[in-house]
Amino acid sequence: MQLSWILAIWRSSGLTDTRLLLATTNKGKVREIKKLLPGLSFKIESLDNYPAFGRFQEKGETFEDNSRGKARFYSLKYPGIVLAEDSGLEVQVLGGKPGVFSARFSGRQATDKKNIKKLLKLMKNLPDSRRQAKFICVAAVAYQGKILKVYKGQLLGRILPEPRGQNGFGYDPVFFYPPLKKTLAELTTEEKNAISHRGRALRKVGAYLKTLLVEK
Ligand code: IMP
């Protein structure tokens, strides 16, 4: 059946409690994304509920490739809408690294702590003027193997020489956001979501998902 027909039937049926899969097991991401999609009548689930789906191998060269690939992969297994996002850190002086390798920057047994340690070592003694970095998020929405929408968000900042703060996940303790004079790990989830790459992309996703639930 054509995708436009599927959506037309779905919209006209005025569904109010359909399911939405967040294609991640990253607890930090799930926490942020759930807060970014308030007031939706979707039942929101994560991959933790579906271990049998297996794991999508992220082999793309861009965040968009990975995000689209992940969304498509899980939407072929899941009956509802799938929301996948790929995100990461790009550091200018490192030629954009860690980029799509952000999660596994320090190798196969990578942890947030080890990734930060490797990053700080590579950037040792660099002045503030050479520590610019950005977070990128590309979110893809898919249904039954078809990509419905792709949205992007980014956040500019710089990498501090030492971690600061206890909140968030990943590189948050070393990512300094100059307008607030804080690292992302010194912000609450709400404060981070208001300015973050994920917040920017996911607010657009939320607005789009609402249109799917509106009866035409
Ligand atoms: P993904 O699961 O392949 O998208 O991995 C994204 C990785 O990028 C995470 O494991 C973190 O290392 C990093 N990352 C992405 N978004 C954030 C963020 O909001 N804060 C800190 N680190 C992030």
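Atoms within a ligand are numbered from 1 in the order they appear, just like the ligands themselves. Because the structure is predicted, anything quoted here is derived from the model rather than measured.
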So is there a nitrogen or oxygen of Asp86 less than 3.5 Å from a nitrogen or oxygen in ligand 1?
yes
Looking only at protein heavy atoms, which one is nearest to atom 5 (O) of ligand 1, and what is the separation?
Ala103 CB, 3.6 Å
Protein residue, atom and distance nearest to atom 15 (C) of ligand 1, heavy-atom basis:
Ser87 OG, 3.2 Å
Side chains of residues 72-84: which donor-acceptor pairs under 3.5 Å do they make with residues two or more places apart or in other chains?
from  : atom 1 : to     : atom 2 : distance (Å)
Tyr74 : OH     : Gly54  : O      : 3.2
Tyr74 : OH     : Phe56  : N      : 3.0
Ser75 : OG     : Ala71  : O      : 3.2
Ser75 : OG     : Arg72  : O      : 3.0
Ser75 : OG     : Gly145 : N      : 2.8
Lys77 : NZ     : Phe53  : O      : 3.3
Tyr78 : OH     : Glu45  : OE1    : 2.6

Of the choices Phe169, Phe63, Tyr171, which has the non-hydrogen atom that lies closest to atom 17 (C) of ligand 1?
Phe169
Hey, does Leu184 sit under 4.0 Å from ligand 1 if you only count heavy atoms?
no
Among protein heavy atoms, which lies nearest atom 20 (N) of ligand 1, and at what distance?
Asp172 OD1, 2.6 Å
From the candidates Glu85, Lys29, Arg104, His197, the one that places a heavy atom nearest atom 4 (O) of ligand 1:
Lys29
How close does the nearest protein non-hydrogen atom get to atom 19 (O) of ligand 1, and which residue and atom is it?
Lys192 NZ, 2.7 Å
Nearest-contact summary for atom 8 (O) of ligand 1 - protein heavy atom, Å
Ser102 CB, 3.3 Å
Taking the side chain from Asn193 and the backbone from Gly199, do they hold a donor-acceptor pair closer than 3.5 Å?
no
Below 3.5 Å, N or O to N or O, backbone or side chain included: is there any such pair between Arg198 and ligand 1?
yes
